[in-house]
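One structure below.
Sequential numbering from 1 along the given sequence is applied to the chain's residues.
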Amino acid sequence: MESEGLEFEKTDGGYSVVGMGECADAEVAVPAFHEGIPVVKIADDAFSGRFDVVCVTIPEGVTAIGDRAFSGCLRLVRVEIPGSVTSIGRWAFKGCEALSSVEIHFGVMRVEDYAFKGCVSLTCVALPDSVTSVGESAFSGCSSLSSVYLPDGVADLGDFAFSGCKSLAKVRLPSHLKKIGMEAFCSCLSLGSVEIPPLVTVIEDSAFDGCVSLASVTLPEGLAVIGDCAFYRCGELAGVRLPQSLRHIGIAAFEGCKSLKTVEIPYGVSYVSKWAFYACTSLEDVVLPSGIEDIGPEAFARCENLKEIYIPDGVNEIGHGAFAECHSLRRVSIPASVAYLGHSAFLNCSSLKTVEIGFSSFILGVTEEEMSFPGFLDGKPMKGLEGDPGEVLLKEIEHGTFAGCESLESIVVGGGVEVVSRCAFEDCRKLRSIYFLPQTAYYRVEDGSDAFVYARMFYYSEDRPQEDGPFWHYDAGGKIVKW
């Protein structure tokens, strides 16, 4: 039975319902006609803040539900939206805390921004196949929403679309989806798996941030950008295959993914952003591509199970703290192309024994019996050791770079290094010998530096020196020998 006493105003094509008027019904049935003219719209704010409305039936013929039309109707439990409606306005049902059921028929093309934000009792949503866009925060904060059907025609999923839907356990993303908005599924605490459709090229910042139950993610070929914090704090994510199409991994993109064990970064990625894999405490294996140029600050810091890292030739910078507190790291290979090695880069890597760095810089950590140098070919010293072996890149070992690497025993410092900063090797208590290669520039340790507080310094001399002193050379087999 149609409700009587509602308030109407004329609009294009017919009448709009603009308010309750004299109607006292708890279950409102909007009439299809008023004074013989079709009702075509529920106006902006028409039922906003009404505590007495429990149920609303909207007739066929209404084409639009206006902004805030039912926002704040705290007792509204159920609403049926006919197929004639093509647009559900912004904030249309925002804060309808008792709303548990919404039936949306074919015809609606867009769910506008904030349309169902904060509908904490809403448990299930099935959008019709006519929907092509879900707006910003459309269902954010719907904490009881456990399942949602998104039709294949949806191409745009707005920022915060389902953020805070902590009961959402499963979602099928539509095949025509091209972009996943910022924080689209942020803090969906129950979401266990997600398959990103093939047309998606960008996963925006924090899209899946805080999805603490997310254990499986499938990323398509064609994906180019993983935004900042995209999978931040996804503690159950044990594995992810990064597609070859990927070009950018954002700041803190996988930070705190404490179950992640292996990562292979594709060739097209030239920069690993800061904190990208910070505190991935189960990470054991990292493969960096040959095209990588920079490793950002703390990119792999606190990856406590990482045992070995090979850094390919062509890397220019290793940022401060890049591998700090990787307590299981035993071996590192750093190419001569590195021009900047940031402070605390390997801070407190307590198991670090071997660091291989190109001839224009230095080699660390192998025993005196085992230590050899890239300046040797087939076990014999290459000519021109005392000269410039190529472009000198690394000039300074910054403060704290290898501090706390308590397993280091010996170091070879290459000719490119001009300055060893204070505390560069602080608390390397097993470090006993530092071997200086022929210098291409004046080498100094900063005044008052305790960089080598436990060690003795030896200086390279290819021929036996005429005077006694701490000198060394390579023998024919490439081993260190003290004169």
Side-chain angles (χ1 to χ4, degrees), residues 54-56 65 68-81 85 88-106 108 110-154 156-174 177 180-197 203-204 206-217 231 233-234 236:
V54 174
C55 178
V56 174
I65 298 174
R68 301 170 303 275
F70 298 93
S71 67
C73 291
L74 298 182
R75 295 181 61 203
L76 183 62
V77 174
R78 182 179 180 276
V79 64
E80 183 174 351
I81 300 172
V85 172
I88 300 173
R90 293 175 298 172
W91 308 284
F93 296 91
K94 179 179 178 290
C96 293
E97 297 180 356
L99 187 62
S100 60
S101 175
V102 174
E103 189 173 348
I104 304 174
H105 292 277
F106 186 91
V108 174
R110 175 172 171 80
V111 180
E112 295 287 351
D113 302 343
Y114 311 98
F116 294 92
K117 178 179 172 66
C119 294
V120 296
S121 298
L122 194 60
T123 59
C124 179
V125 170
L127 297 180
D129 290 342
S130 55
V131 173
T132 59
S133 179
V134 177
E136 179 178 329
S137 295
F139 295 93
S140 66
C142 294
S143 55
S144 298
L145 187 63
S146 60
S147 66
V148 61
Y149 172 78
L150 297 173
D152 283 334
V154 173
D156 184 16
L157 200 58
D159 297 344
F160 314 98
F162 294 93
S163 67
C165 295
K166 62 183 182 180
S167 299
L168 187 61
K170 187 175 182 180
V171 60
R172 175 192 170 274
L173 297 179
L177 190 66
I180 298 174
M182 181 173 63
E183 298 190 34
F185 295 93
C186 179
S187 297
C188 290
L189 306 183
S190 301
L191 190 62
S193 65
V194 66
E195 182 173 349
I196 309 299
I203 298 176
E204 294 285 357
S206 300
F208 296 92
D209 176 2
C211 293
V212 296
S213 299
L214 189 62
S216 174
V217 173
F231 296 95
R233 301 177 301 168
C234 293
E236 294 299 315

Under a 4.5 Å cut-off applied to non-hydrogen side-chain atoms, are S121 and L99 in contact? no
Name of the residue among R68, R90, E136 meeting side-chain hydrogen bond (donor to acceptor under 3.5 Å, both in side chains) with Y114: E136
Got a sec, which pairs hit side-chain hydrogen bond (donor to acceptor under 3.5 Å, both in side chains) with one end in residues 159-172, sequence neighbours left out? D152-R172
Which heavy atom of P128 sits nearest to which heavy atom of H105, and what is that distance? CG-O, 3.4 Å
Residue from S190, C234, S187 passing side chain to side chain contact (heavy atoms under 4.5 Å, CB included) with C211: C234
So which heavy atom on G181 is nearest to which on E204, and how close? C-CB, 3.5 Å
Does atom CD (E195) have a neighbourhood of more than 12 heavy atoms from anything else shown, all under 6.0 Å? no
Which heavy atom of A98 sits nearest a heavy atom of L74, and at what distance? CB-O, 3.2 Å
Any E112 side-chain heavy atom under 4.5 Å of I88 side chain: no
Mind listing the closest non-hydrogen atom pair of C188 and L168 along with its distance? SG-CD2, 4.3 Å
Rounded distance (nearest 0.5 Å) linking atom CG of L76 with atom OG of S71: 11.0 Å
Taking every non-hydrogen atom, the tightest pair across C165 and L145: SG-CD2, 4.2 Å
To the nearest 0.5 Å, what is the distance between CG (L122) and OG (S144)? 8.5 Å
Could you tell me if the side chain of L157 sits less than 4.5 Å from the side chain of L150, heavy atoms only? yes
Heavy atoms of L189 and V212 approach each other most closely as O-CG2, 3.7 Å
Report the distance from atom CG of D113 to atom OG of S137, rounding to the nearest 0.5 Å. 7.5 Å
How long is the straight-line distance from CZ of F208 back to CD1 of I180, given to the nearest 0.5 Å? 4.5 Å
Side chains of V56 and F93: does their closest heavy-atom pair fall under 4.5 Å? no
Is the closest side-chain heavy-atom distance between V102 and V125 below 4.5 Å? no
Answer yes or no: is there a side-chain heavy-atom contact under 4.5 Å between V131 and I104? no
How long is the straight-line distance from SG of C96 back to CZ of R75, given to the nearest 0.5 Å? 13.0 Å
Which residues pass the salt bridge (charged side-chain N to carboxylate O under 4.0 Å, His left out) test with E97, sequence neighbours left out? none
side-chain hydrogen bond (donor to acceptor under 3.5 Å, both in side chains) partners of residues 123-132, not counting sequence neighbours, each pair once: D129-Y149
Are F185 and L173 side-chain neighbours, meaning at least one heavy-atom pair lies under 4.5 Å? yes
Please round to the nearest 0.5 Å and tell me the distance separating atom CZ of R233 and atom SG of C186. 6.5 Å
